[in-house]
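Notes for the one structure printed next.
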Amino acid sequence: MIRYEVRLFASLREQAGVETLDIELPEGATVAQLLERLSALRPDLAGGLRRVAVAAGQRIIPRDAPLPPGEEVALLPPVSGG
Amino acid sequence: MNTGEAATRTYTALTPDPINVEEIRQRVADPACGATVLMTGQVRDRHQGRVVDRVTYQAYAPMARQVLAELVQEAAGRWPVLRFALVHRTGVLPVGETSVVVAVAAPHRTEAFEACRWCIDELKRRLPVWKQEEGPDGVRWQEEIPLESSNGERDGSGRREGV
(Lines give C-alpha, C1' and ligand atoms only; values in the text may rest on other atoms or scores of the structure.)
Protein backbone atom coordinates (compact mmCIF):
# COMPACT_ATOMS: atom_id res chain seq x y z
CA MET A 1 0.00 0.00 0.00
CA ILE A 2 1.10 3.53 -0.75
CA ARG A 3 0.16 6.43 1.44
CA TYR A 4 -0.88 9.71 -0.17
CA GLU A 5 -1.49 13.09 1.34
CA VAL A 6 -4.24 14.67 -0.73
CA ARG A 7 -4.55 18.46 -0.79
CA LEU A 8 -7.99 20.07 -0.90
CA PHE A 9 -9.10 23.49 -2.13
CA ALA A 10 -12.04 25.89 -2.15
CA SER A 11 -15.46 24.39 -1.31
CA LEU A 12 -14.03 20.90 -0.88
CA ARG A 13 -11.55 22.11 1.75
CA GLU A 14 -14.28 24.02 3.51
CA GLN A 15 -16.64 21.07 3.50
CA ALA A 16 -13.96 18.63 4.64
CA GLY A 17 -12.87 20.97 7.41
CA VAL A 18 -9.22 20.07 6.75
CA GLU A 19 -6.61 21.06 4.17
CA THR A 20 -5.40 17.53 3.50
CA LEU A 21 -6.72 13.98 3.68
CA ASP A 22 -4.49 10.94 4.16
CA ILE A 23 -5.29 7.82 2.23
CA GLU A 24 -3.64 4.48 1.50
CA LEU A 25 -4.06 2.82 -1.89
CA PRO A 26 -2.62 -0.26 -3.55
CA GLU A 27 0.36 0.35 -5.78
CA GLY A 28 -0.77 1.25 -9.29
CA ALA A 29 -4.14 2.62 -8.18
CA THR A 30 -5.67 5.06 -10.64
CA VAL A 31 -7.10 8.53 -10.16
CA ALA A 32 -10.60 7.05 -10.47
CA GLN A 33 -9.83 4.57 -7.69
CA LEU A 34 -8.52 7.35 -5.48
CA LEU A 35 -11.76 9.28 -5.92
CA GLU A 36 -13.91 6.19 -5.30
CA ARG A 37 -12.01 5.42 -2.12
CA LEU A 38 -12.29 8.99 -0.86
CA SER A 39 -16.02 9.03 -1.63
CA ALA A 40 -16.45 5.83 0.36
CA LEU A 41 -14.50 7.22 3.30
CA ARG A 42 -16.16 10.63 3.17
CA PRO A 43 -19.64 10.28 1.60
CA ASP A 44 -20.29 13.89 2.62
CA LEU A 45 -17.70 14.97 0.01
CA ALA A 46 -18.96 12.75 -2.83
CA GLY A 47 -20.69 15.59 -4.68
CA GLY A 48 -17.59 17.77 -4.68
CA LEU A 49 -15.32 14.86 -5.55
CA ARG A 50 -17.26 14.25 -8.75
CA ARG A 51 -16.35 17.75 -9.98
CA VAL A 52 -12.60 17.81 -9.34
CA ALA A 53 -9.62 17.53 -11.60
CA VAL A 54 -6.75 15.65 -9.99
CA ALA A 55 -3.16 16.88 -10.08
CA ALA A 56 -0.13 14.80 -9.22
CA GLY A 57 3.20 16.57 -9.10
CA GLN A 58 1.29 19.74 -10.07
CA ARG A 59 0.17 18.26 -13.39
CA ILE A 60 -3.42 17.30 -14.08
CA ILE A 61 -3.71 13.63 -14.89
CA PRO A 62 -6.61 11.73 -16.42
CA ARG A 63 -9.01 9.53 -14.47
CA ASP A 64 -7.57 6.29 -15.87
CA ALA A 65 -3.94 7.17 -15.12
CA PRO A 66 -2.11 5.50 -12.23
CA LEU A 67 -1.15 7.81 -9.37
CA PRO A 68 2.60 8.34 -9.47
CA PRO A 69 4.05 7.35 -6.10
CA GLY A 70 5.80 10.06 -4.13
CA GLU A 71 4.09 12.96 -5.90
CA GLU A 72 1.89 15.50 -4.19
CA VAL A 73 -1.76 14.87 -5.03
CA ALA A 74 -4.29 17.71 -5.18
CA LEU A 75 -8.03 17.79 -5.86
CA LEU A 76 -8.91 20.87 -7.89
CA PRO A 77 -12.53 22.03 -8.16
CA PRO A 78 -13.54 24.06 -11.24
CA VAL A 79 -11.51 27.26 -11.15
CA SER A 80 -12.51 30.93 -10.95
CA GLY A 81 -9.35 33.01 -11.17
CA GLY A 82 -8.80 36.12 -13.23
CA MET B 1 20.25 41.51 -19.34
CA ASN B 2 19.68 43.12 -22.70
CA THR B 3 21.72 41.30 -25.30
CA GLY B 4 20.12 43.10 -28.20
CA GLU B 5 18.52 39.87 -29.41
CA ALA B 6 14.80 39.61 -29.98
CA ALA B 7 14.28 37.11 -27.18
CA THR B 8 11.07 37.29 -25.17
CA ARG B 9 11.49 38.39 -21.59
CA THR B 10 8.85 37.49 -19.09
CA TYR B 11 7.77 38.17 -15.54
CA THR B 12 5.16 36.15 -13.68
CA ALA B 13 4.01 36.32 -10.07
CA LEU B 14 1.38 35.12 -7.67
CA THR B 15 1.24 37.62 -4.85
CA PRO B 16 -0.64 38.28 -1.61
CA ASP B 17 0.29 41.98 -1.87
CA PRO B 18 -1.62 44.72 -3.73
CA ILE B 19 -0.58 44.84 -7.39
CA ASN B 20 1.11 48.03 -8.55
CA VAL B 21 -0.15 48.27 -12.13
CA GLU B 22 2.29 51.02 -13.11
CA GLU B 23 5.20 48.93 -11.88
CA ILE B 24 4.01 46.02 -14.04
CA ARG B 25 3.66 48.32 -17.05
CA GLN B 26 7.24 49.47 -16.56
CA ARG B 27 8.42 45.87 -16.45
CA VAL B 28 7.40 45.42 -20.08
CA ALA B 29 8.87 48.72 -21.30
CA ASP B 30 11.22 48.12 -24.22
CA PRO B 31 12.61 50.50 -26.84
CA ALA B 32 11.95 47.89 -29.55
CA CYS B 33 8.24 47.82 -28.70
CA GLY B 34 5.81 50.28 -30.22
CA ALA B 35 2.74 48.85 -28.51
CA THR B 36 1.92 47.88 -24.95
CA VAL B 37 -1.41 46.26 -24.11
CA LEU B 38 -2.35 46.20 -20.46
CA MET B 39 -5.31 44.20 -19.19
CA THR B 40 -6.29 44.59 -15.56
CA GLY B 41 -9.05 42.74 -13.77
CA GLN B 42 -10.79 44.26 -10.74
CA VAL B 43 -13.21 42.93 -8.16
CA ARG B 44 -16.74 43.79 -9.27
CA ASP B 45 -19.51 44.86 -6.91
CA ARG B 46 -21.96 42.34 -8.38
CA HIS B 47 -21.88 38.77 -9.60
CA GLN B 48 -24.88 36.98 -11.09
CA GLY B 49 -27.18 39.56 -9.59
CA ARG B 50 -25.78 39.35 -6.07
CA VAL B 51 -24.05 42.21 -4.30
CA VAL B 52 -20.37 41.53 -3.60
CA ASP B 53 -18.46 43.34 -0.85
CA ARG B 54 -15.16 41.54 -1.19
CA VAL B 55 -13.60 38.38 -2.51
CA THR B 56 -10.92 35.97 -1.35
CA TYR B 57 -8.67 34.30 -3.91
CA GLN B 58 -7.21 30.96 -2.86
CA ALA B 59 -4.49 29.38 -5.00
CA TYR B 60 -2.72 26.08 -5.31
CA ALA B 61 0.41 28.18 -5.28
CA PRO B 62 3.18 25.93 -6.63
CA MET B 63 1.03 24.77 -9.54
CA ALA B 64 -0.33 28.27 -10.19
CA ARG B 65 3.20 29.66 -10.47
CA GLN B 66 4.05 26.91 -12.91
CA VAL B 67 0.93 27.56 -15.00
CA LEU B 68 1.66 31.31 -15.18
CA ALA B 69 5.16 30.55 -16.46
CA GLU B 70 3.79 28.07 -19.01
CA LEU B 71 1.24 30.57 -20.28
CA VAL B 72 3.84 33.21 -21.10
CA GLN B 73 6.14 30.61 -22.64
CA GLU B 74 3.37 29.34 -24.89
CA ALA B 75 2.26 32.82 -25.83
CA ALA B 76 5.85 33.77 -26.64
CA GLY B 77 5.94 30.85 -29.05
CA ARG B 78 2.77 32.00 -30.79
CA TRP B 79 3.32 35.74 -31.24
CA PRO B 80 6.35 37.92 -31.92
CA VAL B 81 6.01 39.60 -28.55
CA LEU B 82 9.07 40.82 -26.73
CA ARG B 83 7.83 41.30 -23.19
CA PHE B 84 5.20 39.61 -21.04
CA ALA B 85 4.16 40.18 -17.46
CA LEU B 86 1.43 38.11 -15.83
CA VAL B 87 0.48 38.68 -12.20
CA HIS B 88 -2.36 37.25 -10.11
CA ARG B 89 -3.35 38.29 -6.62
CA THR B 90 -4.27 36.04 -3.69
CA GLY B 91 -5.96 36.79 -0.37
CA VAL B 92 -8.79 39.16 0.52
CA LEU B 93 -9.63 41.91 -1.99
CA PRO B 94 -12.28 44.62 -1.60
CA VAL B 95 -14.39 45.80 -4.54
CA GLY B 96 -12.29 47.73 -7.04
CA GLU B 97 -8.98 46.12 -6.14
CA THR B 98 -6.87 44.65 -8.95
CA SER B 99 -6.92 40.84 -9.06
CA VAL B 100 -4.98 40.20 -12.26
CA VAL B 101 -2.70 42.02 -14.68
CA VAL B 102 -1.59 40.94 -18.15
CA ALA B 103 0.96 43.26 -19.77
CA VAL B 104 2.25 42.58 -23.26
CA ALA B 105 4.70 44.65 -25.29
CA ALA B 106 5.42 44.01 -28.95
CA PRO B 107 6.82 45.89 -31.92
CA HIS B 108 3.26 46.33 -33.27
CA ARG B 109 -0.19 46.48 -31.75
CA THR B 110 -1.88 43.55 -33.48
CA GLU B 111 0.25 40.86 -31.87
CA ALA B 112 0.18 42.66 -28.52
CA PHE B 113 -3.65 42.67 -28.49
CA GLU B 114 -3.91 39.06 -29.61
CA ALA B 115 -1.34 37.75 -27.14
CA CYS B 116 -2.91 39.67 -24.26
CA ARG B 117 -6.37 38.33 -25.06
CA TRP B 118 -5.08 34.78 -25.35
CA CYS B 119 -3.20 35.05 -22.03
CA ILE B 120 -6.18 36.23 -19.97
CA ASP B 121 -8.55 33.71 -21.59
CA GLU B 122 -6.18 30.79 -21.01
CA LEU B 123 -5.37 31.98 -17.50
CA LYS B 124 -9.05 31.76 -16.62
CA ARG B 125 -9.19 28.22 -18.00
CA ARG B 126 -6.01 26.85 -16.48
CA LEU B 127 -4.92 28.69 -13.35
CA PRO B 128 -5.65 26.73 -10.15
CA VAL B 129 -7.17 29.70 -8.31
CA TRP B 130 -10.58 29.92 -6.66
CA LYS B 131 -12.67 32.93 -5.77
CA GLN B 132 -14.87 33.14 -2.72
CA GLU B 133 -17.37 35.98 -2.79
CA GLU B 134 -18.72 37.69 0.29
CA GLY B 135 -21.77 39.94 0.38
CA PRO B 136 -25.03 40.60 2.21
CA ASP B 137 -26.34 37.21 1.01
CA GLY B 138 -23.45 35.34 2.61
CA VAL B 139 -20.23 33.71 1.51
CA ARG B 140 -19.92 31.40 -1.46
CA TRP B 141 -17.20 29.75 -3.52
CA GLN B 142 -17.41 30.35 -7.23
CA GLU B 143 -16.37 27.18 -9.03
CA GLU B 144 -16.90 27.76 -12.71
CA ILE B 145 -14.42 26.27 -15.17
CA PRO B 146 -13.38 22.60 -14.94
CA LEU B 147 -9.66 22.04 -15.41
CA GLU B 148 -8.83 19.61 -18.19
CA SER B 149 -6.38 16.77 -18.02
CA SER B 150 -4.99 17.69 -21.42
CA ASN B 151 -3.50 20.72 -19.70
CA GLY B 152 -0.87 18.52 -18.13
CA GLU B 153 0.10 16.94 -21.43
CA ARG B 154 -0.26 19.74 -23.90
CA ASP B 155 2.64 20.43 -26.19
CA GLY B 156 1.78 24.04 -26.73
CA SER B 157 -0.08 23.44 -29.97
CA GLY B 158 -3.08 21.29 -29.21
CA ARG B 159 -4.86 23.25 -26.53
CA ARG B 160 -7.22 25.39 -28.57
CA GLU B 161 -8.81 22.94 -30.95
CA GLY B 162 -11.50 21.64 -28.63
CA VAL B 163 -12.32 24.97 -27.03
Distance, nearest 0.5 Å, that separates CE of B/Met63 from CZ of A/Arg59 = 8.0 Å
Salt bridge A/Arg51-B/Glu144, side-chain N to carboxylate O under 4.0 Å = no
inquiry  = Would you say B/Leu147 ends up clustered with B/Ile120 if hydrophobic residues are merged whenever their side chains have heavy atoms under 4.5 Å apart, either directly or through other cluster members?
reply    = yes
request  = Determine, using the 4.5 Å side-chain heavy-atom cutoff (strictly less than), whether B/Phe84 and B/Val37 are members of one ILVMFWY cluster.
outcome  = no
request  = Side chain from CB out, backbone as N, CA, C, O: work out which of these in B/Gln132 comes under 4.5 Å of a heavy atom of chain A, or both, or neither.
outcome  = side chain
request  = Could you tell me the separation between the CH2 atom of B/Trp141 and the CG atom of A/Leu12, rounded to the nearest 0.5 Å?
outcome  = 11.0 Å
key: B/Pro146 versus A/Pro78, closest heavy-atom pair with distance   = N-CB, 3.7 Å
Top of B/His88, B/Arg89, B/Met39, B/Arg140 for chain A proximity - count of heavy-atom pairs under 4.5 angstrom = B/His88
key: Which of A/Gly57, A/Gly81, A/Ala53 touches chain B most, by non-hydrogen pairs under 4.5 Å   = A/Gly81
query = Any link between B/Leu14 and B/Ile19 through a network of hydrophobic side chains (Ile, Leu, Val, Met, Phe, Trp, Tyr) touching at under 4.5 Å?
reply = no
ask   = Under a 4.5 Å heavy-atom cut-off, does chain B meet the side chain of A/Arg7, its backbone, both or neither?
value = side chain
ask   = Is the CZ atom of A/Arg63 crowded by more than 12 outside heavy atoms at less than 6.0 Å?
value = yes
key: A/Glu27 atom CD: more than 12 heavy-atom contacts under 6.0 Å   = no
message = Report which part of A/Ala10 has an atom under 4.5 Å of a heavy atom belonging to chain B: side chain, backbone, both, or neither.
response = both
key: B/Val28 reachable from B/Val100 in the ILVMFWY side-chain graph, under 4.5 Å edges   = no
query = What part of B/Leu127 is in contact with chain A, defined as an atom under 4.5 angstrom from a non-hydrogen atom: side chain, backbone, both or neither?
reply = backbone
inquiry  = Has B/Trp130 got a side-chain atom pairing as donor or acceptor with A/Leu76's backbone, closer than 3.5 angstrom?
reply    = no
query = Do you see a donor-acceptor pair shorter than 3.5 Å between the side chains of A/Ser11 and B/Glu143?
reply = yes
Other residues, nucleotides, ligands: >12 heavy atoms within 6.0 Å of A/Arg42 CZ = yes
request  = Take atom CZ of B/Arg117 as the centre, draw a 6.0 Å sphere, and report whether it contains more than 12 heavy atoms from other residues, nucleotides or ligands.
outcome  = no
key: Which of B/Pro62, B/Ala64, B/Ser99 touches chain A most, by non-hydrogen pairs under 4.5 Å   = B/Pro62
Whether B/Tyr57 side chain and A/Ser80 backbone form a donor-acceptor pair below 3.5 Å = no
ask   = Is it the case that one hydrophobic cluster holds both B/Val72 and B/Phe113, taking links as side-chain heavy atoms less than 4.5 Å apart, direct or via other members?
value = no
message = Measuring only between side-chain heavy atoms, which start at C-beta, is B/Val129 closer than 4.5 Å to A/Val79?
response = no
